[in-house]
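Working notes for the structure below.
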Amino acid sequence: DTGVSQDPRHKITKRGQNVTFRCDPISEHNRLYWYRQTLGQGPEFLTYFQNEAQLEKSRLLSDRFSAERPKGSFSTLEIQRTEQGDSAMYLCASKGTSLDQETQYFGPGTRLLVL
Amino acid sequence: ILNVEQSPQSLHVQEGDSTNFTCSFPSSNFYALHWYRWETAKSPEALFVMTLNGDEKKKGRISATLNTKEGYSYLYIKGSQPEDSATYLCASPDTGRRALTFGSGTRLQVQP
């Protein structure tokens with residue numbers, strides 16, 4: 001157990017529906033990342049928060065994707081009008097900011113299947 | 001765009017065999033190299049963070065080396081066990097040193 005939790009672990013939805021995933025990072029970590037992993041590939045960066053501020057978004061993050069971290073604690077990732085191409089594992093990671101804290105700690109992921 | 005590559009893509013070994021995988025990355029503007037182990041249905045587990053050329057790190061039967069001048073890292077597993085079966089990922093921070101860029105992983109299966 002890394003201390004990072006994600007909910008739900010699995011989600012099956014129909015094309016066109018909206019879905020929301022939640023990530024609870026390690027409590028003292030102020031940096032939070034979302035990644036997406038598809039079959040045969042490594043995780044790809046989606047977006048990054050420092051406290052409640054969303055500081056960077058990947059070009060992979062289309063307009064249908066939105067992420068929030070309202071109080072600098074948990075984060076949500078919403079996908080609107082899901083498409084079959086959104087089927088993937090969505091991973092969340094958190095990290096501290098001191099110089100000796102380089103490791104990102106990952107949650108178990110939410111596996112999304114869009115039918 | 002940072003390009004991190006891993007080989008082989010998959011590996012099947014017998015219990016007790018020793019094995020190794022390769023991660024290659026751009027040697028310019030190097031900051032750090034991370035290794036993770038990802039077992040099915042679990043969180044990716046951090047194994048090592050390596051920063052210095054010539055670094056060698058060890059955790060039980062797993063060890064890693066780093067060559068930043070030529071842009072590669074090796075991960076070694078001595079005396080593989082079935083519980084070592086997992087996908088091994090390497091990653092390096094992007095130029096902004098925020099997000100990690102991952103290789104596509106090496107999937108290891110250890111047969112009893």
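Atoms considered below: every heavy atom in the structure, side chains included; atoms not considered: hydrogens, waters and symmetry mates.
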**Study point:** Flag if over 12 foreign heavy atoms under 6.0 Å of CZ, A:F21
**Key:** yes
Review point. Is there a side-chain contact (heavy atoms from CB on, under 4.5 Å) between A:F106 and B:W38 once you walk through the steps?
Key: CA-CA 10 Å; A:F106 281 83; B:W38 194 3; over 6 Å; no
Check your understanding: Is there a path from A:I79 to A:L61 through hydrophobic residues (I, L, V, M, F, W, Y) whose side chains come within less than 4.5 Å of each other?
Key -> yes
Exercise for review: Could you list which of residues 41-69 of chain B have a heavy atom closer than 4.5 Å to any heavy atom of chain A, in residue-number order?
Suggested key: B:A41, B:K42, B:S43, B:P44, B:A46, B:V49
Point to revise | Contacts with chain A made by residues 100-112 of chain B (heavy-atom distance under 4.5 Å), listed by residue number | key: B:L100, B:F102, B:G103, B:S104
Practice item. Answer yes if B:V13 and B:I77 sit in the same cluster of Ile, Leu, Val, Met, Phe, Trp and Tyr residues linked by side chain heavy atoms under 4.5 Å apart, and no otherwise. Key: yes
Check your understanding: Should we count CD of B:Q9 as having more than 12 external heavy atoms under 6.0 Å?
Key -> no
**Study point:** Proximity of residues 38-52 of chain A to chain B, residues having a non-hydrogen atom under 4.5 angstrom
**Key:** A:G40, A:Q41, A:G42, A:P43, A:F45, A:Y48
Point to revise | Heavy-atom contact with chain B under 4.5 Å, split by part of A:Q6 | key: neither
Practice item. Kindly state each residue pair satisfying salt bridge (charged side-chain N to carboxylate O under 4.0 Å, His left out) with at least one member in residues 6-18 of chain B, sequence neighbours excluded. Key: none
Review point. Transitively linked via ILVMFWY side-chain contacts under 4.5 Å: B:Y72 with B:V4?
Key: no
Practice item. Identify whether A:V114 and A:L60 are in the same connected component of the hydrophobic contact network (ILVMFWY, side-chain heavy atoms under 4.5 Å). Key: yes
Exercise for review: State whether the number of non-hydrogen atoms from other residues, nucleotides or ligands found under 6.0 Å of A:I12 atom CD1 is greater than 12.
Suggested key: no
Review point. Out of curiosity, does B:F21 fall in the hydrophobic cluster containing B:Y76 (side-chain heavy atoms, cut-off under 4.5 Å, transitive links)?
Key: no
Study note, to complete from the structure: Between B:H34 and A:E102, the two heavy atoms sitting closest are CE1-O, 3.2 Å
Revision key, fill the gap. Whatever's closer than 4.5 Å to a heavy atom in chain B on A:R9 counts as side chain
Practice item. Grab the two heavy atoms, one from A:E56 and one from B:D94, that are nearest each other, plus how far apart they are. Key: OE2-OD2, 4.0 Å
